[in-house]
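Okay, so here's the structure we're looking at.
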Amino acid sequence: MSPKEQVYKFISEQLTLGNINPKDHLTEQFLADKIGLSRTPIREALLLLSADSILEREPRKGYRIKVYSQKDVEQLYVVIGTLEGKIAELTIDCLNSDDYQLMKFLIDSMYSAVDHKLYTKYNDLQEQFHNVYITKCSNKFITQELSAAKRVFIGKNYLHLNQENVQLILKRTNQQHEKIEQLFEDGKKSELRKYLEMIHWSPSTAKYDIWQ
């Protein structure tokens, strides 16, 4: 894993766990001490994450999570839904029974993670679920654009929500994963693309990816 990926993963996990606040200043020394890398690769990683519009630099203070408005996030959801819907359409004929079984296993694992309030684990499993079909896409330009758009949502803003609501939201999202898997298995190409665009990545749910 590159230093950039290590820094991104660390910040994402700590945000989700509530150990750091999105308004906190992140310094090279703090990250070097926590991750176990020297300051030079940390500095380069922070510059790259800033160029990706994930972090923003504040002179003499360090870096902070870049803030996006609700409108920004809603528009990103439209972009992500469009890209992922197209990828699903392109890859639906590439999936096999092993892929369907893996998706079902990940869905079951996500339900278990939610029940045990293991939200960072849920995030990892959800990424694995979507990657079952995303990694089969041969159009690297679409997958690169999708990855860049998704990475803006560093960490998950669960902590400001009532914990019962978090459980309901994540279980409802996982029910959508079940629907997605079934559409893949049934070979319903156009319905799958529409479902990802209009339901799974509906701008109406963008509020859950906005830091408050």
Side-chain angles (χ1 to χ4, degrees), residues 1-2 5-6 8-18 77 80-140 142-159 161 163-202 205-206 208-209:
M1 186 183 296
S2 69
E5 292 299 324
Q6 290 182 62
Y8 181 93
K9 182 177 177 61
F10 173 79
I11 295 173
S12 180
E13 289 180 348
Q14 296 305 306
L15 282 168
T16 302
L17 291 169
Y77 264 48
I80 292 170
T82 301
L83 292 171
E84 192 161 320
K86 181 61 179 177
I87 287 172
E89 182 182 60
L90 290 172
T91 60
I92 193 169
D93 295 327
C94 301
L95 270 61
N96 55 42
S97 59
D98 289 341
D99 296 314
Y100 304 143
Q101 290 303 312
L102 175 56
M103 293 169 85
K104 291 174 181 176
F105 170 78
L106 291 168
I107 289 167
D108 290 341
S109 299
M110 278 186 274
Y111 277 125
S112 179
V114 173
D115 288 338
H116 291 87
K117 299 181 181 180
L118 301 174
Y119 299 135
T120 56
K121 184 62 176 178
Y122 174 88
N123 292 341
D124 289 340
L125 293 166
Q126 181 173 227
E127 182 177 0
Q128 291 177 48
F129 174 86
H130 289 280
N131 281 341
V132 171
Y133 53 93
I134 291 172
T135 55
K136 289 183 178 287
C137 182
S138 61
N139 189 322
K140 65 179 182 179
I142 295 180
T143 56
Q144 287 171 356
E145 288 297 322
L146 177 62
S147 177
K150 284 186 173 183
R151 286 172 65 82
V152 167
F153 304 126
I154 184 169
K156 288 294 181 179
N157 193 9
Y158 300 137
L159 299 179
L161 299 171
Q163 287 304 293
E164 289 185 4
N165 288 342
V166 173
Q167 299 270 309
L168 291 172
I169 291 164
L170 296 184
K171 287 181 178 180
R172 183 165 63 242
T173 301
N174 209 29
Q175 288 169 355
Q176 293 177 10
H177 293 143
E178 291 181 297
K179 177 69 173 179
I180 291 167
E181 188 281 325
Q182 192 61 57
L183 289 171
F184 266 111
E185 197 165 354
D186 292 343
K188 296 183 177 179
K189 189 175 296 187
S190 60
E191 189 175 339
L192 172 61
R193 180 174 181 176
K194 184 177 179 180
Y195 189 82
L196 282 163
E197 291 180 354
M198 306 302 294
I199 305 298
H200 194 62
W201 288 102
S202 169
T205 61
Y208 301 125
D209 271 312

Note to self: side chain to side chain contact (heavy atoms under 4.5 Å, CB included) for H177 and E181? Distances and angles first, verdict last.
What the structure shows: CA-CA 6 Å; H177 293 143; E181 188 281 325; over 6 Å; no
Next item on the list: Would you kindly say whether E178 and N174 are connected by a side-chain donor-acceptor distance under 3.5 Å?
Entry: no
Notebook entry, point to check: Regarding E84 and Y133, is there a side-chain donor-to-acceptor distance under 3.5 Å anywhere?
Noted result: yes
Check whether any side-chain heavy atom of [X] lies under 4.5 Å from a side-chain heavy atom of [Y], and answer yes or no.
{"X": "N96", "Y": "D99", "answer": "yes"}
{"X": "Y122", "Y": "T173", "answer": "yes"}
{"X": "K179", "Y": "E191", "answer": "yes"}
{"X": "E127", "Y": "I134", "answer": "no"}
{"X": "L183", "Y": "K189", "answer": "no"}
{"X": "L192", "Y": "K188", "answer": "no"}

Next item on the list: Take K117 and Q167 through the side chain to side chain contact (heavy atoms under 4.5 Å, CB included) test and state the conclusion after the steps.
Entry: CA-CA 8 Å; K117 299 181 181 180; Q167 299 270 309; 3.5 Å; yes
Check: Going from CE on M110 to OG on S112, what distance comes out if it is rounded to the nearest 0.5 angstrom?
Finding: 11.5 Å
Check: Does the pair E89 and K86 meet the rule for a salt bridge (charged side-chain N to carboxylate O under 4.0 Å, His left out), with working shown?
Finding: CA-CA 5 Å; E89 182 182 60; K86 181 61 179 177; 3.0 Å; yes
Note to self: Closer than 4.0 angstrom, basic N to acidic O: yes or no for E5 and R151?
What the structure shows: yes
Next item on the list: Report the relative orientation of the aromatic rings in H130 and W201; use parallel for angles under 30°, tilted for 30 to 60°, perpendicular for over 60°.
Entry: tilted
Next item on the list: Assess whether side chain to side chain contact (heavy atoms under 4.5 Å, CB included) is satisfied between L125 and F129, documenting all intermediate values.
Entry: CA-CA 6 Å; L125 293 166; F129 174 86; over 6 Å; no
Notebook entry, point to check: Stepwise, does the ring pair (Phe, Tyr, Trp, His ring centres under 6.0 Å) test hold for Y77 with F153?
Noted result: CA-CA 10 Å; Y77 264 48; F153 304 126; 5.7 Å; yes
Donor-acceptor pairs under 3.5 Å, side chain of residues 100-109 to any protein atom, not counting sequence neighbours: which ones?
unit_1 : atom_1 : unit_2 : atom_2 : d
K104   : NZ     : E185   : OE1    : 3.4
S109   : OG     : F105   : O      : 2.9

Note to self: Applying side chain to side chain contact (heavy atoms under 4.5 Å, CB included) to T143 and N139, what does each step give before you reach the verdict?
What the structure shows: CA-CA 7 Å; T143 56; N139 189 322; over 6 Å; no
